[in-house]
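As a basis for the values below, the full set of heavy atoms in this structure was taken, side chains included, without hydrogen atoms, waters or symmetry mates. Labels below follow one simple rule: chain letters A, B, ... track the order of the sequence lines, proteins then strands, and each chain is numbered from 1. Everything numeric in this text was worked out from a predicted model, so none of it was measured.
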There are 2 protein chains.
Amino acid sequence: MTREPDEATVAAWIGLSRAQRVAMDRIEARLKAKKLPPLSWYDALWELDKAGEAGLRPYELERAMLFEQYNLSRLAQRLQKAGLISRETCQADARGQTLKITDAGREMRRRMWETYSRAIGEAVGTKLSVTEARSLAGLLRKLE
Amino acid sequence: MTREPDEATVAAWIGLSRAQRVAMDRIEARLKAKKLPPLSWYDALWELDKAGEAGLRPYELERAMLFEQYNLSRLAQRLQKAGLISRETCQADARGQTLKITDAGREMRRRMWETYSRAIGEAVGTKLSVTEARSLAGLLRKLE
DNA sequence: GGAAATTTGATGCAGTTGCATCGAAATAGA
DNA sequence: TCTATTTCGATGCAACTGCATCAAATTTCC
C-alpha cells in the first residue's frame, strides 16, 4: 500500500540530510566567527561576479540560487544596502532590474572565499579522498 | 596562502548543498500538499516514538535532532500544543522535563510516514540504483 | 489594436529562527 | 557546608522566511 522505498534509499536520504546540516553548520560557524555574512550572500555575489558586466535579472539569480522570489527580492535589498551590489532598472523591460556586483561586492566575495574555502576543506576535504569526493559529487548530481 | 581545497572537494560540497535542497523542497512540498506538518515534527515524533515509554529529555532530543536548544524548546511547545507529545517535569531533575509521544503523536507520525516515505522514494529512490544509494549513504556517513 | 493572461518584482502579515540572556536547579570545589 | 560554576530550559527582541497578494509591464491571441 504505502510502497515503502528500500532501506538503502532511506539511508541515503537521512545521510544527505544530516551530512548537509553538519557540514553547513560548521561552515557557517566559521563565517560567523570571522564576522562575515552568511553563505547566501556568497552565493549571490558569486553568481553576479560570474555574470560580469552584464549583471543578472533577479529572476535569473533566483533560479541559479534555488531561492524563492520573495526571498531573493529581500536578499537583493540587503546586498544593495550593504553596498555590495547595484540595482538599476532594466531598460529592456521596465518591470525588472539588473543586478550587478560592485567593487566592494567583489572584494567581499574574495574575503569570504578565504574563510569559506578553508571551511569546505575542513568540513569535507579532510573526510574524503579525492576519489571519494569525485564519486560523491557524481552521485549527488544524479539527485537533481 | 589560502590553501584552497581541491576541485573535487568543492564539487562535493556544492553538490551536497544543492542536492539536499532540491530533495528537501520536493519532500516538504509533498507534506504541505497533504496539509501535514513539516519534517522537523516528524523527526521529533520519530525519536520520541523510538524512545518509547521512557521518553526523552529535551537536551537528548536536541542532540539527536541536531537542533539548537532554543529551537527545540519551541518545537516542543508547538508539539505539545498540538497534543502530539506530553511534557512532564522530570522527577530526577527538577530543572528538566521528560518528553513523551502521545497516541495522537504516534498516529500523526504514521500518517506523515505514508507521505514522507513515498516522497523519499520519488526524490531519491527513482534517481539511484540500490547500489548507488548504498554507496551514497556510505560516503555521506564519512562527513559527520 | 485591444482585452486577457502571464511575467516581474515588492510587500503586509504571521510564523520561525538566531542571539543574548535569564532564572532555577544541580554539581564541583574550597 | 557554602560559594562558584555548570547545566537545563525559557524567552524578549530582532532578523528572516513563507504565504498571499498586489501593481505594473509585457506577451499572447483574437
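Between R87(B) and dC8(D), a side-chain N or O to OP1/OP2 separation shorter than 4.0 Å is absent. For S73(B) and dA10(D), the shortest distance from a side-chain N or O to OP1 or OP2 is below 4.0 Å. Distances shown here put a side-chain N or O of Q97(A) below 4.0 Å from the OP1 or OP2 atom of dA10(C). At dT17(D), one or more side-chain N or O atoms of R78(A) fall inside 4.0 Å of OP1 or OP2 (strictly under the cut-off). Taking only side-chain nitrogens and oxygens, N71(B) comes nearer than 4.0 Å to OP1 or OP2 of dG18(C). Dashed line: the shortest gap from a side-chain N or O of K32(A) to OP1 or OP2 of dG18(C) is not under 4.0 Å. At the phosphate of dG12(C), neither OP1 nor OP2 sits under 4.0 Å from any side-chain N or O atom of R74(A).
To the nearest angstrom, P of dT8(C) lies 13 Å from CG of L72(A). The separation between D93(B) atom CG and dT6(D) atom P is 17 Å, rounded to whole Å. Rounded to whole Å, atom P of dA26(C) lies 12 Å from atom CD of Q91(B). In this structure, K35(B) places its NZ atom 18 Å from P of dG18(D), rounding to the nearest Å. Look at CD on E68(A): it is 12 Å from P on dA20(D), rounded to the nearest Å. Rounded to a whole Å, the OH atom of Y70(A) is 13 Å from the C1' atom of dC13(C). For the pair I85(B) CD1 and dG9(D) P, the computed distance is 12 Å after rounding to whole Å. F67(A) has its CZ atom 15 Å from the C1' atom of dG9(C), to the nearest Å.
Comparing W41(A) and A76(B) by the nucleotide of DNA chain D that holds the closest heavy atom to each, the one mapping nearer the 5' end is A76(B). In terms of position along DNA chain C, the nucleotide closest to G96(A) lies nearer the 5' end than the nucleotide closest to the other residue of the pair G96(A) and A92(B).
In this structure, L139(A) is not a member of the same hydrophobic cluster as V22(B), with clusters built from ILVMFWY side-chain heavy atoms closer than 4.5 Å.
The side chain of A94(B) sits closest to dA26(C) out of dT8(C), dA26(C), dT26(D).
For dT7(D), the base has a donor-acceptor partner in the side chain of R95(B) [N/O atoms by modelled type, under 3.5 angstrom]. Donor-acceptor pairing under 3.5 Å, judged by distance alone, is absent between the side chain of Q77(B) and the base of dA10(D).
Taking the charged nitrogens against the carboxylate oxygens, E132(A) and K142(B) do have a contact shorter than 4.0 Å, which makes a salt bridge.
Relative orientation of the Y116(A) and W113(A) rings is perpendicular, given thresholds of 30° and 60° on the angle between their planes.
Closest heavy-atom contact between L136(B) and A12(A): CD2-CB, 4.1 Å.
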Assess the residue pair T9(B) and D6(B) against the criterion (side-chain hydrogen bond (donor to acceptor under 3.5 Å, both in side chains)); give the C-alpha distance rounded to whole Å, side-chain angles, the decisive distance to 0.1 Å, and a yes or no.
CA-CA 5 Å; T9(B) 296; D6(B) 55 274; 3.1 Å; yes
